Each structure stands twice: as structure tokens, then as C-alpha cells.
Amino acid sequence: MGTSDIVKFEALSPAEFFRRNREIAGFSNPTRAIYQTIRELVENSLDATETFKIPPSIKIYIDYANQSKSWISIYAEDNGIGIPGNEIPNVFGRVFYSSKYRIKQHRGIFGLGAKMVVLYAQSTTNTPILVRSAPLKSDAIYEYQLMIDITKNEPVIVSQRTIENKHGWHGTAIKVVLEGDWIKAKRRVEEYLRRTAMVAPYAEFILRGPDEDDVIKIPRVTTKMPDPPKEGLPHPKSVDVELIKQLIQRDPNVPIFEFLIENFDGVGEIIAKKFLDFVGLQPDMPVGKLMNDELINFVTKMREFNEWKRPRADWLSPIGEDILAEGVRFVLRPEVVFTVTRKPSSYMGNPFIVEAALAWGGAIEPSDKPTIYRFANKVPLIYDEGNDIVRKIVDEIDWTQYRVKFPAPLAIVVHICSTKIPYASAGKEAIAEVPEIENEVRNAVREVARKLRLYITRKEKEQELLMKYAIFSMYGEEVVNALSYVSKADLDELRSSINALIREKLRIKSLEDLLTNHSIEGDEDGNNNEDQKHEPSS
Ligand SMILES: Nc1ncnc2c1ncn2[C@@H]1O[C@H](COP(=O)(O)OP(=O)(O)OP(=O)(O)O)[C@@H](O)[C@H]1O
């Protein structure tokens, strides 16, 4: 018997692969499936709005379908740029079809999320997805009912029509029926939206459950929005042989000198010449002449060469200190918030920026460790905190240096944005250990922690001063009474001169001033250099 008699080989389509392994994409059980569906739809909606500076308005309506409590209908609607009619079938019916395979910060990366929703619905309730979409300035609204031909990885159009766009609507609305557990998923979905609002306070959300009065509205708290990212080119340090081959195929005759300048981020004439000297190649050689070994050497040298410019951060869209502070203030309701957006850095040719917020007091419940909120490209990471570098770094910090004694009402928010987020697993829930990113996270958290220390120190001083003021005033009153008795001087005049003396001694302008926290002299921006001396170096 030959091998082919005992072993059967076959190919698997991408759609079939994800139907079989849906847990890889987060659809591991009925609760998680609902959460993941809403998350995929919301993230697509946010990408379709904020990337184009449209303030997002997102509606999500949940209902029980077919009288059965395990069939859940999910409706999601946005006011985004919409999807061109002819693209709708592939967008929802072909695994690995996306507009986001670009060097630019997006929430989406794989070209999978929307298709997972369709696959899951189809596998559990055998119902098609209903999609209605109108691109910007479109006269028509395109409507489709779609399923996926799983073996071919192709869309199946169940029905299709075009409706007149009478009111100039633009955006996308989706309805899908799938098996799930809404009751269990509800809290997680609410938490997901709450966290999303923390980093996107310019968005508004309505989540309506199956019961009429089960409505959560998250309002827009600011009209300020971050600048959208531009689209970038690969950095020479981030390439591999396959990418170079693909670029060469586009135009094999182009001189290698021009090839470098046209296709890569931050390569000007001087650097291109220096690099070609470094590799030992002639600038006018057609790039298609690079043969196998030369090609591998070329790529190796690209990684070794240390004179490339740093990757540009124009492809990123950080939240910004003000918007982040507004989001955190609105969601966590703390006594005080400090934020920082660090300068751009890079790892392996990929630009990244770390932002952090520290929220203290107010409605934050005291706990034994800082509460952590993690975000990557504005997506909240909810699971897998234990494997994440942020947890590790925050736990390593000696918080007593910052005058924090646990249990304390302390929350730390960390946002990492990059053209390539190094996720620790396919589930996109934790950030892997990349030393450059770890350093930046550490610096960002320390920076906001220093501001907290200054704040706590000031508050303590103010408390102390208030105490002194109370005691001095009490004794002052006795002195006033005694003096007035002895000298027969006017009581009010004596009282006001004693009070003036106390204020002068304590360097307080007025009592109101002290109570409204303006009286202590010090560095207003919170950047106390003295603080930095006490920290272990990174
Ligand atoms: N609500 C929407 N509005 C506009 N375009 C959308 C919307 N939903 C999906 N799209 C388009 O469909 C494409 C595919 O979406 P899908 O969710 O499958 O993958 P993705 O968002 O690209 O990546 P990921 O799998 O990482 O989420 C998107 O790249 C986008 O161009």
C-alpha cells in the first residue's frame, strides 16, 4: 500500500479554516461570540468614521430572534464613509479582503472580522447577513443579503436591491442573527463600550437591549478629534525578502538607486548612495538584476545599515493628551487626571507612540494594585492582562516613590499606537515583550506618576497649612479677646490685624485661595526635575 492509499491530502479554504477554528478569532463560545461580533462591527464603524474625521455616531440594537432566547439579532449602524455597492459582497463574503492592508494606523488589520460574523451566523442559525450601505454623496443605498460559500471562500448573494438615497444618508447598517448568550455577554459589551469611549470621547454610542428600557447612551463629550493618519511606505529596517521581490516585480528595470528612494520611508539621495556603497552595488543597476544570493544579502544589509532616518510617525494617529484626559475624566470620574503623549519611537522599522493617563481618587474604587486599562490602536484589550507588558511594568514600579500607599484609588491607562502592534497572540489581547515598547511604556507611566506625586505632595502641604491656619486662628481669637479687654481697643480691628499677621506668616493670600488650591507656590506643569533623580534609571 502506498502513502496516498493511507493518507489523504486536501486543501482548506481560508473560510473553512476559520469556520473550524473560530476560537482563534475570538468566537470561542456563545457569550464571547456576541461580544466579538459587536466589537468587530464597532471597530469597523470607528475606522469608517474617525479616520475621515467624521464624529462617530454608532447604534447597536439587540433583540431576541425567532422567539428563541438563544438566537440573537444584532443591528449595528454607523455614519461612516460607507462601502461602494460593488465591494459589499467581497467585504462580507471573502475571508482576507480588506482596505486596511496598508501602512497606516487602523483598528482593523486582518480583513477577517466582518467575515467571522457572517461565518458564525451562518454556522449557527443558517441565516444571511443583511447589509445596507451608502458611500459619501451617493444617490443610492445598496442593500444585500449575503452568505459565504465556505469551500470556495466566495460571497453568495441571496438578494440584492438599490434604494434611492432620499435623505443623503451615508454610512453602513448591518443586521445579523446568531446563536449567543446576550444576558452573559451584556456586561462585557457594556464594559467594552465604556472603555472604547475612554479613548474616543468624540464618539457617541447607543446600545439598546431586547427590553425597551434597557438602553445605554454614551454621549459625545468633546468635538475635538485626533488628526487622521497618513498612508506610509515601509521602512528599510522592516522589510523581508518577499516584500523586496514584490516591489521589484512592479518595475524590474528601475535603477536600484531610484528603487530605494521611491519605495521606502525616509530614504533620500544621500542615504541611498551611502547604503549602496555599504552593500557594494552600482546605483544605476536595474533592480531586477539582483539574483537570489544578492537579494538575501541586500535585505540583510538593509537591516544592518544604521544610517536610515527613523521611521516617520505620520502614519499614526495618537489620541492626544487633551482628548485622552477628557475621555478618562468622563468614564472614570476621578478627582484628577494626568496624561502624556510620548514622542514617536520605533521597533524594527515600525513607528509607535505610547500614551498614558493616570487617574486618581473620585469615583475610582481603592484597590491593592493600580487598575489597568490597556489599548492598542484605540482598541481596548480586555482579556489576557496577565500576559501583557503593561501589567508587568506597572507592577514593577515602586509606587511608594510616588507617595501612593495601597489600597489606593489609582487607575493607569496605556495606549500604544503603531503601524504594527506586536500582539502576543492571534487573539489580539496582549502586547508582546518588545524592549523599545517596554521602555516607552515605563517612561510614560513614570511621567504621569511624577505628576501625581507632585499633586499628592501639594495636597498634603495644603492640608497641613489648613490645620495650622485653624489652630492659629483659634488662639488668635483668644489673643484678640484678651487684648481688647486689656487695651479697650476695637475688637474687629484687632481681629483683622491678627488675621493679617497669621496669613502673612503662613504665606496665604486669603482663606478662599487656600481652599481652592491656589496658595502653594510650586512648579505648575508638574514636571519636577527633583523627582526624576530619585528614580531607578531605565
Ligand atoms: N462599517 C463599515 N463602514 C465602511 N467600511 C467597512 C465597514 N465594515 C467593513 N468595512 C470595510 O470592509 C473591510 C473588511 O472588514 P473586516 O472587518 O472583514 O476586516 P478589517 O476591519 O479590514 O480587519 P480585521 O479583521 O482586523 O477587523 C474593511 O477593511 C473596510 O474597508
Side-chain angles (χ1 to χ4, degrees), residues 14-15 17-19 21-22 24-27 35-60 74-122 129-138 141-144 146-148 153-155 169-176 192 196 200 203 205 228-229 231 376-381 417-423 425-429:
F17 175 83
F18 283 104
R19 186 192 66 74
N21 301 296
R22 59 194 186 204
I24 297 179
F27 289 72
Y35 159 78
Q36 197 68 32
T37 296
I38 292 175
R39 180 178 162 163
E40 295 295 353
L41 298 179
V42 167
E43 274 154 28
N44 281 344
S45 293
L46 287 168
D47 273 345
T49 44
E50 67 175 19
T51 317
F52 305 91
K53 262 209 157 154
I54 302 172
S57 289
I58 298 173
K59 298 180 186 132
I60 305 151
I74 299 176
Y75 172 86
E77 184 190 311
D78 65 52
N79 58 335
I81 56 157
I83 307 166
N86 58 340
E87 293 286 4
I88 293 175
N90 280 330
V91 156
F92 292 93
R94 188 186 295 276
V95 169
F96 299 145
Y97 194 85
S98 174
S99 62
K100 300 176 197 165
Y101 300 142
R102 305 263 154 196
I103 298 182
K104 185 174 173 181
Q105 177 185 330
H106 295 115
R107 291 162 199 257
I109 35 177
F110 294 138
L112 178 65
K115 279 66 88 173
M116 278 313 298
V117 173
V118 182
L119 274 176
Y120 187 79
Q122 185 169 331
I129 189 171
L130 175 74
V131 182
R132 210 172 274 162
S133 191
L136 296 171
K137 300 199 173 121
S138 165
I141 298 174
Y142 303 97
E143 187 188 277
Y144 282 87
L146 295 164
M147 293 181 88
I148 299 180
N153 188 31
E154 273 175 18
W169 175 66
H170 59 85
T172 302
I174 282 155
K175 191 173 170 190
V176 67
Y192 166 75
T196 301
F205 300 91
E231 191 175 320
N377 284 356
K378 300 182 191 151
V379 175
L381 309 181
C417 61
S418 178
T419 46
K420 189 168 187 304
I421 299 280
Y423 286 109
S425 66
K428 291 206 274 185
E429 286 290 353

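Worth saying up front: this structure is predicted, and the values here are computed from it rather than measured. Both ligands and their constituent atoms are indexed starting at 1 by order of listing.
- Of the protein's non-hydrogen atoms, the one nearest atom 18 (O) of ligand 1 is Lys115 NZ, 2.7 Å.
- Contacts with ligand 1 closer than 4.0 Å are made by side-chain heavy atoms of Ala48 only, the backbone lying farther away.
- Between the CD1 atom in Ile38 and the CD1 atom in Ile58 there is a gap of 12.0 Å [rounded to 0.5 Å].
- Classified by interplanar angle (parallel below 30°, tilted 30° to 60°, perpendicular above 60°), the ring pair Tyr192/Tyr35 is perpendicular.
- Residues Glu143 and Arg132 are paired through a salt bridge, judged by an N-O separation under 4.0 Å between the basic side chain and the carboxylate.
- Among protein heavy atoms, the minimum distance from atom 5 (N) of ligand 1 is reached at Ile83 CG1, 3.4 Å.
- Residues Pro380 and Thr196 come closest through the heavy atom pair CG-OG1, 3.4 Å.
- Applying the side chain to side chain donor-acceptor pair (under 3.5 Å) test to every pair with at least one member in residues 81-92, sequence neighbours left out, gives these pairs: Glu87-Tyr97, Asn90-Arg94.
- Taking every non-hydrogen atom of Gly82 and a distance limit under 4.0 Å, the qualifying atoms of ligand 1 come out as 4 (C).
- Counting heavy atoms under 4.0 Å from ligand 1, residue Leu112 touches it through both backbone and side chain.
- Summarising the geometry, atom CD1 belonging to Ile60 is positioned 8.0 Å from atom OG belonging to Ser45; distances are rounded to the nearest 0.5 Å.
- Of the candidates Asp78, Ile81, Ile109, it is Asp78 that places a heavy atom closest to atom 1 (N) of ligand 1.
- Contacts with ligand 1 closer than 4.0 Å are made by no heavy atom of Glu43, backbone or side chain.
- For the pair Asp47 and ligand 1, the shortest N or O to N or O distance does not fall below 3.5 Å.
- Side-chain rings of Phe96 and Phe17 stay apart, their centers remaining 6.0 Å or farther from each other.
- Of the candidates Val42, Val118, Val91, Val91 brings a heavy atom nearest to atom 12 (O) of ligand 1.
- Between Tyr142 and Thr172 there is no side-chain heavy-atom pair separated by less than 4.5 Å.
- Close contacts of ligand 1 with Tyr97, meaning ligand atoms under 4.0 Å from a residue heavy atom, involve 14 (C).
- Ion pairing between Arg39 and Glu429 holds under the 4.0 Å rule for side-chain N and carboxylate O.
- Of all protein heavy atoms, the one lying nearest to atom 19 (O) of ligand 1 is Gly111 CA, 3.2 Å.
- Counting protein heavy atoms only, atom 22 (O) of ligand 1 is closest to Ser98 OG, 2.6 Å.
- Here the heavy atom of the protein found nearest to atom 28 (C) of ligand 1 is Lys100 CE, 3.7 Å.
- By the 4.5 Å heavy-atom criterion applied to side chains, Val176 and Tyr120 are not counted as neighbours.
- Residue, atom and distance of the protein heavy atom nearest to atom 27 (O) of ligand 1 are Glu40 OE1, 3.5 Å.
- Here is the list of ligand 1 atoms found below 4.0 Å of a heavy atom in Asn44: 7 (C), 8 (N), 9 (C), 15 (O), 16 (P), 17 (O), 21 (O).
- Residue Val118 forms a side-chain contact (heavy atoms from CB on, under 4.5 Å) with just one option from Ile174, Ile148, Val95, Leu146, and that option is Ile148.
- At under 3.5 Å, a nitrogen or oxygen of Ser99, whether backbone or side chain, sits near a nitrogen or oxygen of ligand 1.
- Inclusion of Gly108 in the set of residues having an N or O under 3.5 Å from an N or O of ligand 1 is not warranted.
- Annotation: Phe110 places an N or O atom under 3.5 Å from an N or O atom of ligand 1; distance criterion only.
- On a distance-only criterion, Gly113 and ligand 1 share at least one N/O pair closer than 3.5 Å.
- The pair Glu50-Arg107 meets the salt-bridge criterion, since a charged nitrogen lies less than 4.0 angstrom from a carboxylate oxygen.
- Shortest contact from atom 16 (P) of ligand 1 to any protein heavy atom: Ala114 N, 3.5 Å.
- Side-chain contact between Trp169 and Glu77 is present, with at least one heavy-atom pair separated by less than 4.5 Å.
- Contact annotation: Tyr101 has no heavy atom less than 4.0 Å from any atom of ligand 1.
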